[in-house]
Every structure is written in C-alpha cells, then in structure tokens.
Amino acid sequence: MEHETFYTDLLCVGAGLAGERVAIAAASAGFDAILLSLVPARRSHSCAAEGGMQAALGNCAMGEGDSPDVHFADTVKGSDWGCDQECARIFADTAPVAVREAANWGMPWNRVVAGKAKYWKGGEEFEAEEKKDKHGLITARAFGGTAKWRTCYTADGTGHTLLYTLDNKVTQLGVRVHDRVEAVSLIHDGENCTGCVARDLKTGKLRVYLAKATLIATGGYGRLYSETTNTVINDGGGHIIALDTGLVPFGNPEAVQFHPTGVVPTNILVTEGCRGDGGTLLDVDEKRFMNIYEPAKAELASRDVVSRWMMYHIAQGKGVPSPYGDHLWLDIRHLGAKHITTKLREVYDLCRHFLGVNPINQLIPVRPAQHYSMGGVRTNSNGAAYGLKGLFSCGESACWDMHGFNRLGGNSLAETIVAGRHVGLKVVEFLEGAEVILKSSLADQGVAAMAKRIDRLVNRTDGTENVYAIKDAMQLVMMEKVGIFRNGTDLQAAVDTLREIYVKAKKIGLRSSGIGANPELALALKMPGMVRLAICVAYGALMRTESRGCHARDDYQARNDRDWLNRTLAYWRDLDADLPDLQYEPSTKVMYMPPGDRGYGKTEIIPMDAPKED
Amino acid sequence: MSRQLKFNIFRFNPEDPSSEPHTDTFMLEETPSLTLFIALNKIREEQDPSLMFDFACRMAICGSCGMVINGRPGLACKTLTVELPEEITLMPLPVFKLVGDLSVDTGTWFRATNTKIESWIHTDQEFDPEAIEERMENDLANSIFELERCIECGCCVASCGTANMREDFVGAFALNRISRFIMDPRDKRTDPEYFDVVGTDQGIFGCMGLLACEDVCPREIPLQDQLGILRRKMAFQGLKNIFKPKEKGRHRRF
Ligand SMILES: Cc1cc2nc3c(=O)[nH]c(=O)nc-3n(C[C@H](O)[C@H](O)[C@H](O)COP(=O)(O)OP(=O)(O)OC[C@H]3O[C@@H](n4cnc5c(N)ncnc54)[C@H](O)[C@@H]3O)c2cc1C
Ligand code: SF4
Ligand code: SF4
Ligand code: FES
C-alpha cells in the first residue's frame with residue numbers, strides 16, 4: 001500500500017484544549033509535535049463550553065477564603081469518592097497557575113470590579129462588596145457542587161476563547177496541525193506505541209504517523225447516546241483505537257454524566273451558569289421543586305443530583321407535556337434583560353435562534369441529556385496509559401481520574417489545561433529519555449489491514465447492513481436502558497441487544513461508493529468500535545451493583561464503599577469476543593480524604609468496614 | 001398541512017474522476033423547528049449517504065457549517081427552514097477550496113491567514129507561575145471578548161468582493177482579529193508593526209468598504225466599526241511612515 005508517512009516526536013490525536021496544551025508543552029521544550037483533528041482545531045468540542053473553569057483564586061467576594069484544599073475537597077466529594085485523590089490533588093494545586101498562564105497568553109478572563117455588586121442565588125437577589133485590593137484580578141462565578149464561587153469565565157464564551165488563545169499559541173510555536181485527519185488505529189508492537197494509522201478525511205487516503213510519544217486527547221463518547229449535549233464528532237474514536245489494542249483498558253466506562261438542562265428538542269446545553277447566577281427550575285404548575293428536594297443547595301446541588309430529581313419529578317407527573325416528550329422549565333426571567341443580554345448572551349442567542357423563545361420574558365424548555373464522559377483511557381498520574389509505553393492520554397478522553405463518578409461543572413475545562421500542563425511536562429521527560437525505534441514495517445501492516453477493511457465495506461463483502469440504522473439502534477438502547485436511572489433488568493436487556501447489534505455492525509456494507517471524503521465510510525469504519533464502547537458502558541454498569549455519583553441503580557441504591565470503592569478496567573482482548581473482560585483496581589492509592597457524606601444527594605452508604613453479608 | 005421542501009444541492013466529488021459539478025434535488029417534509037442541520041442529516045441518512053457537508057457543534061459556536069443558503073452565506077445549523085421559502089438552494093462557500101458537495105476546507109485557509117497576521121500575543125514577558133496575575137479592567141476584558149467572538153466561519157470572507165477577486169486578501173475576520181490585539185495591552189506590538197501586517201492592499205487598504213461582511217456575520221460582530229477604526233489608524237500610520245520612513249523602500253503603496 002502506498003501511503004504518506006509523517007515523523008514527529010509527539011503525535012497528539014485530538015486538537016481540543018487538552019491536545020493543544022500538551023503540544024504546547026512539547027514544542028516549548030524544543031520537541032516537534034503534530035496535532036490531528038477531525039475538524040479544524042478551533043472547531044473542536046472545547047469551543048462549546050460556555051460556563052467557565054474552576055480554579056481556587058479566591059479573588060471575588062463570594063470566593064473569599066477559597067484555596068486549593070477547599071477545591072480538592074469539593075472535587076473528591078463531587079466524585080462520590082470515585083476519583084484518584086493523587087490526581088485531584090495535583091489538579092487543585094495547579095489550576096490557579098494554569099488560569100494565570102492562560103491570561104499571560106491573552107485569555108480575556110472577566111475581572112473583579114471593586115464596590116457593591118448585585119448577585120442572584122436560588123432566585124433571591126443579594127448584595128456583596130467586592131474588595132478594592134482585588135480590583136482587576138480574575139473573578140469567578142458560582143457553579144454547582146462547590147463551597148465557594150470559583151469558576152473563572154469570559155462571559156458565556158469561556159471554552160471558545162480559551163481554545164482560540166491556546167491555538168494562537170500553537171500557531172506561534174509553529175506546531176503542525178493536520179485537521180480533517182482521523183486516527184483509525186494505533187501502531188504498536190505489544191509493548192511500545194509508535195504512532196497511528198490515519199485517514200485523510202478530505203481525500204479518503206490512508207497515511208501514517210510515526211512518533212516517539214502518542215497522546216490521545218479525543219474528548220468524550222457522548223454520541224453513544226441519542227440525546228446528548230456533545231458535538232456530533234464526540235464519537236469515542238480515541239477510545240476505540242486504544243481499546244482495540246487489547247492492552248489498554250477503558251477505565252470506568254459506566255461513569256457517564258447527564259446534564260440537567262439540555263433544551264428540548266435539540267439537546268443544546270444551557271449553561272449551568274444560568275442556575276449559578278440564580279436561574280430556577282419550574283414544573284408544569286410553574287412552581288419550583290428543587291428547594292423541596294434539596295433544601296440546602298436547591299438548583300445548585302451537583303449535576304447528578306439535579307438531573308435525577310428532575311427525572312423523578314417528571315415521573316411524578318409534574319413534567320410539561322410536549323410533542324417531544326415531557327420536560328421542565330428553566331426560568332431566568334428575573335435576572336433581567338441586561339444580565340441576560342450580557343453575562344448570559346449565548347443563552348439568549350441560542351434560545352431565540354434555535355427555539356424561537358425569548359428568555360427575558362419566556363420560559364426555556366429543558367430536560368436532562370448525556371453530557372460528560374468521566375470514563376476513558378486509563379492512565380497513571382503522569383498521563384501515561386496503562387498497557388503501552390509511549391502512549392498518553394489527557395482531557396475528557398482520559399480516565400486520569402480526577403472526576404470519579406461525577407465531575408463538577410467547571411472542572412473539565414480546567415482539567416484540559418491543568419492536566420495538559422502536568423502531563424505535558426511528563427511527556428517532555430519521556431521524550432528526553434526516549435530511545436524509540438520507529439519501525440515502518442508495523443505501520444505497513446496497519447495500513448494494509450485498514451485498506452482491507454475499507455475494501456470489504458465498499459464491496460459489501462461481509463453484508464449489507466445499513467450503518468445509520470445500526471447507529472440509531474445503538475443510541476436508542478443506550479438512552480433508554482443505560483441512562484440516568486439504571487437497574488439490573490434493563491442493563492441486562494441492553495447488553496443483550498447491544499451484542500445483537502454488534503453482530504450486525506460487523507456486516508455493514510456501504511450504499512455509496514466510498515470515494516473521497518465519503519461520510520458513510522467514515523462512520524462505517526468506526527461503527528463496530530462504537531458498539532464495543534457501548535457494550536463496555538452497559539456491561540460495566542450492569543456489574544457495578546451499587547449507586548455512586550452519576551451511576552444510580554434503583555436496585556442497589558446505597559453507595560457501597562465496602563465492595564465498590566474501585567475503578568472498572570474494561571479490556572477488549574479479542575475482537576471476535578462480544579463482551580469485555582472486566583477487572584477492578586482501588587479507586588485511589590492515596591487516601592487524603594476518607595469516604596464520607598457528600599452533604600447533598602442521597603446519603604445511604606455501606607461503609608468500608610461494614611461486615612460482609614453472605 | 002406541512003410544506004414539502006425542495007432542496008437543490010450543489011454536488012461534486014473532486015476525488016471521483018467520474019463526478020461532474022451538478023445540482024441534485026431532494027424533497028423533504030417540513031417538521032416543527034426544522035433546521036438545515038436536521039434536514040441535511042435526514043437527507044444523508046435516508047436518501048443519499050454520500051452527501052458531504054460539515055457540522056460539529058450544531059449550536060452556531062464552532063463555525064463549521066457555513067454555506068451559501070439561497071444566495072447568502074450563513075450558518076446552516078442556525079437556519080430554521082420556516083424562515084426560508086419552499087425551494088432551498090444550497091451551495092458551498094466560495095473562496096475556500098472545495099472538499100466535496102457543501103464541504104469546504106476552511107481550516108487550511110484560516111490557519112494560513114492567522115499565521116500571516118501573527119494572531120498571537122507578542123510579548124517578552126516570561127510567565128511566572130508564582131506571581132499573581134496582572135490586573136486588567138473588566139470593561140477591557142469584555143471589549144476584547146466582543147471581538148474575540150468571531151468563530152472563523154468564513155461567511156464574511158465568502159461574501160466579500162475583494163476576497164473573491166484576490167487570493168491574498170486577508171478578509172474582514174483578520175482585520176477584526178488585528179483590532180482585538182491592538183486593543184489588548186498584553187500585546188506589545190507597536191502601530192508601525194501592525195501596519196506592516198495589515199497596512200497593505202492584502203489588508204485594510206484592499207477593503208472596498210462595501211460591508212457585505214457585516215451583513216452576513218452570524219456573530220453580529222461590529223465589522224463596520226472595526227474596519228473604520230483600523231482604516232483611520234493605519235492611514236495615520238501610513239502618513240507617519242511617509243514623513244518618517246521606518247525603513248526605506250517599505251510601505252510604497254501609500
Ligand atoms: C455544551 C457543553 C458545555 C460545556 N461547558 C463546560 C463548562 O462550562 N465548563 C467545563 O469545565 N466544562 C464544560 N464542558 C465540558 C468540556 O467542554 C469538555 O470536557 C472539554 O472541552 C474537553 O476537551 P478535550 O480537549 O478533552 O476534548 P475536545 O475539545 O472534545 O477535543 C477532542 C479533539 O479530538 C479530535 N478527535 C476526536 N477523535 C479523533 C480521531 N479519531 N482522530 C483525530 N482526532 C480526533 C477532535 O477533532 C478534537 O480536536 C462542556 C461540554 C459541553 C458538551
Ligand atoms: S467591507 Fe471590506 S472586508 Fe467587508 S466585504 Fe467589503 S471589501 Fe470585504
Ligand atoms: S467575522 Fe463573523 S462572519 Fe467573519 S469569520 Fe468571524 S464570525 Fe464568521
Ligand atoms: S455546526 Fe457549529 S456553527 Fe454550525
């Protein structure tokens with residue numbers, strides 16, 4: 001097979017915030033780096049994050065007394081003690097540095113304005129005095145599940161602005177960015193990873209990247225679900241190529257977060273900033289309900305808690321009927337036109353443009369939708385993937401794992417550049433010591449195998465299954481049976497159905513020619529892999545017989561620290577198999593903060609030292 | 001009765017030797033809140049799986065889906081069909097290289113232009129991880145963000161007469177981007193240095209001020225104002241250059 005080959009020190013598969021931050025670290029240390037992306041880098045999913053990123057700067061009045069310790073504690077509680085506490089610690093300590101560094105690169109963070117300021121919380125207006133000596137420093141807003149106001153932001157465009165800032169830096173450093181190039185398999189010899197086989201999405205041609213270090217920073221796997229706030233490209237491509245090695249585990253696949261406020265019917269997210277700034281949730285009678293279920297935090301309890309109460313409230317018959325199913329209302333009218341058209345401008349725009357609703361005087365129809373993937377490519381605290389040397393992962397695609405079973409709003413944008421900074425330095429250390437021999441023979445095999453798969457799809461050698469029908473079937477099962485409320489019966493049914501879908505996914509045949517930038521071929525190539533990921537999620541959820549964070553089982557409602565204070569590691573060792581091999585490891589090696597009560601949400605806990613029942 | 005929409009879509013696959021540029025017609029029944037994002041995906045999944053177009057965020061924030069909609073550049077994901085007549089004609093954005101059908105290569109174009117205008121903060125200041133951040137007025141941060149809201153969708157470039165005629169014209173997007181850096185005290189570039197970047201026919205003096213760009217900008221960026229401010233600033237700098245040439249032989253154009 002004739003193909004182009006590119007050589008580099010660091011190959012970043014993914015050019016969102018995480019991939020770009022690591023590339024910047026490598027390039028700044030004098031190493032060559034190449035970034036790959038399905039879309040132009042600035043169109044990566046990171047640009048869609050509106051609300052902000054958490055860092056304990058403690059500059060604003062409501063953030064006074066904040067510190068990395070408080071941030072760490074919030075993160076661990078948020079994770080429902082599912083996180084790796086070493087990583088959460090590194091994260092909380094590094095976040096302020098990363099925020100300031102971004103400011104240095106041109107990020108226009110919003111700033112403290114000294115004097116009296118009016119804020120909203122839980123539908124009530126109150127006044128706070130912003131200190132004179134903090135005037136002009138980086139300010140913060142409230143997000144769910146935090147003790148202090150800690151979310152740094154730039155109006156409603158934090159992710160967009162941060163991504164542009166980082167991409168400017170990438171441009172300045174002359175890092176090569178190959179956009180519209182999709183990694184389709186990793187090149188490895190069972191021990192070392194040395195790059196990937198990729199497909200040029202502009203021409204359809206296969207090419208090879210050989211690298212001393214390879215980073216997977218491909219974002220989440222939200223598109224396994226039919227209702228998701230994620231962009232259409234968040235299909236788990238990076239997880240697929242890692243899992244397909246048979247050596248690298250998918251950590252906590254079942255840890256999937258739902259966001260309380262996706263708009264109906266398009267699932268576009270309305271930022272949590274709406275509730276942080278004082279927006280309230282109303283039911284069919286236009287009455288608040290979160291203040292009844294969660295008196296302390298009300299609308300600002302953590303996401304999993306709010307999502308579940310919303311579904312519960314709808315199940316009580318309190319939803320608003322609509323042609324797209326029952327939903328609830330988000331009310332921000334009392335924040336006023338000025339606040340809505342400035343601080344919440346993106347929300348204002350999206351309601352008018354996509355719903356025909358004016359949130360200054362109308363209610364916004366909302367319902368929970370899949371939102372964030374806590375699970376991912378399992379790495380150690382250096383970002384090095386389990387199972388293969390030279391392979392790293394970072395950002396939403398990784399299970400580093402600071403989020404455990406629930407990540408806090410504002411903690412994932414932060415993770416991308418904080419972990420990116422930390423992992424970037426570790427990648428540089430690795431490159432400095434690397435004596436890797438880049439073998440093109442392995443690459444040739446990889447290209448040949450992929451070319452053969454493409455031929456079979458185009459010639460319909462294995463069957464004539466329609467790839468879009470398979471995608472729809474998979475997404476539907478995931479939404480209906482592996483969603484917010486889970487139970488053994490549904491999960492078992494989901495696993496069974498997904499295994500049937502997997503059989504079909506191996507018999508896909510194209511209906512079009514497959515020539516050039518053909519979208520049907522691109523999807524067909526990753527469809528079996530997507531079904532494998534879906535099976536990992538469903539099977540991991542089935543086996544985890546407890547409730548923790550976002551993983552809420554009706555049939556096992558307690559958080560079981562005695563038996564399940566651990567992390568799922570799903571391996572797919574044999575492509576002919578139709579179930580992963582599940583192993584478990586302790587959630588955390590270091591325990592700075594022993595399991596306790598989160599202070600919100602359900603409180604039923606089976607403690608670590610509870611006697612075993614048999 | 002819901003409308004039957006008729007879509008006339010430009011088709012061409014440059015990688016396929018047997019493909020010729022032509023128009024294909026697809027019929028689709030209009031449903032409530034139908035956007036071009038939903039419509040095009042329906043057509044691809046139900047009628048023609050080879051149809052090429054680009055979407056990512058489907059919420060008008062990533063800039064992927066610029067195309068010419070009934071003669072006017074715009075974001076497909078943000079376009080509700082109720083706002084359009086029954087017959088909808090879709091063409092790829094001009095200026096950019098065609099990938100296929102409605103898909104164009106904006107990534108290469110924008111990266112090259114951002115490199116040309118050096119779209120980054122120019123400073124000698126090393127980052128000190130121990131130090132607290134430099135202060136900035138909140139109003140200034142907001143003003144910078146106003147201009148930073150551009151999503152590089154390419155609509156302004158596609159609508160621009162100059163950009164359509166001259167390959168090297170940087171477009172309204174880039175001039176707006178430069179205004180953003182001029183406003184930012186962290187960027188230490190001086191006016192003469194900015195002049196070198198945009199004080200040319202490829203830059204601000206290539207612009208004919210017809211303002212098609214502002215009309216089509218989906219982010220409603222005040223391009224008119226920015227182009228005006230920049231033109232005055234650069235004209236002034238150009239005059240200064242005549243009387244006090246920074247370097248002989250440069251800026252002849254003025
Ligand atoms: C609507 C929305 C709002 C959000 N708001 C917030 C918020 O306010 N605060 C917060 O903290 N978090 C927020 N998040 C979460 C946060 O945006 C993401 O977790 C974060 O941006 C992920 O960044 P990343 O760099 O890991 O991945 P991404 O930005 O998703 O980038 C992934 C990259 O990988 C590339 N890629 C994928 N597969 C392949 C492949 N096979 N080959 C080559 N390239 C590939 C893509 O093209 C892309 O460049 C939000 C998420 C959503 C959905
Ligand atoms: S005003 Fe200038 S940049 Fe805008 S469309 Fe006209 S020529 Fe192009
Ligand atoms: S200035 Fe407006 S039209 Fe031009 S690229 Fe930016 S967002 Fe698009
Ligand atoms: S799909 Fe992102 S702007 Fe339209």
Side-chain angles (χ1 to χ4, degrees), chain A residues 39-45 47-48 97 99-101 103-106 108-113 135-139 154-155 157 160-161 164 168-169 171-172 177 179-180 202-204 231-233 265-266 268 323 346 349-350 353-356 467-468 510-513 515-520, chain B residues 13-16 32-33 35 38 44-46 48-64 78 80 99-100 103 105-108 110-111 114-115 118-121 123 125 127 129 131-138 140-142 144-145 148-149 151-152 181 184 186-187:
Chain A
V39 292
R42 295 178 180 206
R43 314 209 189 292
S44 299
H45 173 63
C47 78
V97 180
V99 165
R100 290 175 177 138
E101 186 173 53
N104 202 59
W105 292 342
W109 297 112
N110 276 106
R111 303 292 173 136
V112 175
V113 179
H135 183 83
L137 296 179
I138 296 167
T139 191
T154 298
H160 161 83
T161 316
Y164 276 48
N168 282 340
K169 192 78 194 159
T171 311
Q172 179 186 4
V177 181
D179 68 38
R180 292 175 178 251
K202 291 179 210 161
T203 62
T231 59
V232 303
I233 57 169
T266 43
I268 299 175
E346 311 275 325
D349 288 348
L350 92 80
H353 296 310
F354 301 93
L355 296 175
V467 66
Y468 294 108
L510 294 195
R511 288 176 295 154
S512 59
S513 69
I515 297 172
N518 184 286
E520 190 188 19
Chain B
N13 183 352
E15 293 294 319
D16 184 350
S33 302
T35 58
I38 302 173
R44 180 194 275 172
E45 297 194 6
E46 292 163 11
D48 188 340
S50 69
L51 184 61
M52 292 177 263
F53 51 77
D54 297 320
F55 289 99
C57 70
R58 55 82 180 91
M59 55 190 273
I61 184 75
C62 76
S64 292
K78 195 186 172 185
L80 289 156
V99 173
S103 171
D105 180 5
T106 49
T108 306
F110 277 100
R111 189 159 293 281
N114 277 322
T115 307
E118 305 194 357
S119 166
W120 57 81
I121 296 278
T123 178
Q125 208 169 323
F127 174 64
I132 67 159
E133 64 272 22
E134 270 189 37
R135 288 169 205 262
M136 178 184 269
E137 286 301 315
N138 193 47
L140 177 60
N142 280 330
I144 294 173
F145 176 66
E148 191 82 318
R149 291 171 59 255
I151 56 173
E152 301 192 351
F181 285 106
D184 194 329
R186 292 168 296 196
D187 192 324

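In what follows, every chain begins at residue 1, and chains take the letters A, B, ... in the order their sequences are listed.
Most heavy-atom pairs under 4.5 Å with chain A, from the set B:Pro129, B:Ser64, B:Cys57: that is B:Ser64. Among A:Ser513, A:Gly157, A:Gly106, A:Gly516, the residue with the largest count of heavy-atom pairs under 4.5 Å with chain B is A:Gly106. The candidate from A:Asp349, A:Thr266, A:Leu355, A:Ile138 with the greatest count of non-hydrogen atom pairs under 4.5 Å with chain B is A:Ile138. Looking only at heavy-atom pairs under 4.5 Å with chain B, the residue among A:Val112, A:Asn110, A:Ile233, A:Val113 that has the most is A:Asn110. Residue with the most contacts toward chain A among B:Leu140, B:Thr106, B:Asp184: B:Thr106 (heavy-atom pairs, distance under 4.5 Å). Put simply, of B:Asp105, B:Asp187, B:Thr35, the one with the most heavy-atom pairs under 4.5 Å next to chain A is B:Asp105. Counting heavy-atom pairs closer than 4.5 Å to chain A, the top-ranked of the candidates B:Met52, B:Glu134, B:Lys78, B:Glu118 is B:Lys78. Annotation: maximal heavy-atom pairing with chain B below 4.5 Å, among A:Thr161, A:Thr203, A:Leu510, A:Thr139, occurs at A:Thr203. In terms of heavy-atom pairs under 4.5 Å with chain B, the best-connected choice from A:Thr154, A:Val39, A:Val467, A:Leu137 is A:Leu137. In terms of heavy-atom pairs under 4.5 angstrom with chain A, the leader among B:Gln125, B:Glu152, B:Glu137, B:Glu46 is B:Glu152. Most heavy-atom pairs under 4.5 Å with chain A, from the set B:Pro14, B:Ser119, B:Ala131, B:Ser103: that is B:Ser119.
Between A:Val232 and A:His45 the shortest side-chain heavy-atom distance does not fall below 4.5 Å.
Proximity of a side-chain donor or acceptor of A:Glu520 to a complementary backbone N or O of A:Ser512 within less than 3.5 Å is detected. When atom types are taken as modelled, the side chain of A:Arg111 and the backbone of A:Gly136 share a donor-acceptor pair closer than 3.5 angstrom. A donor-acceptor pair is defined here as one N or O able to donate and one able to accept, closer than 3.5 Å; such a pair exists between the side chain of B:Arg44 and the backbone of B:Leu51. A:Trp109 places a side-chain N or O within 3.5 Å of a backbone atom of A:Val99 that can act as its donor or acceptor partner. Side chain of B:Arg135 to backbone of A:His135: a donor-acceptor contact under 3.5 angstrom is found. In this structure, the side chain of A:Arg43 engages the main chain of B:Cys62 through a donor-acceptor pair within 3.5 Å.
With A:Arg42 as the partner, the side chain to side chain contact (heavy atoms under 4.5 Å, CB included) test is satisfied by one option alone out of A:Asn168, A:Asp179, A:Val177: A:Asn168.
From B:Glu148, atom CD reaches atom NE2 of A:His160 across 5.5 Å, with rounding to the nearest 0.5 Å.
Heavy atoms of B:Phe53 lying under 4.5 Å from chain A are absent altogether. Only the side chain of B:Arg186 comes within less than 4.5 Å of a heavy atom of chain A; its backbone N, CA, C and O stay farther away. Using a 4.5 Å cut-off between heavy atoms, A:Val97 contacts chain B through both its backbone and its side chain.
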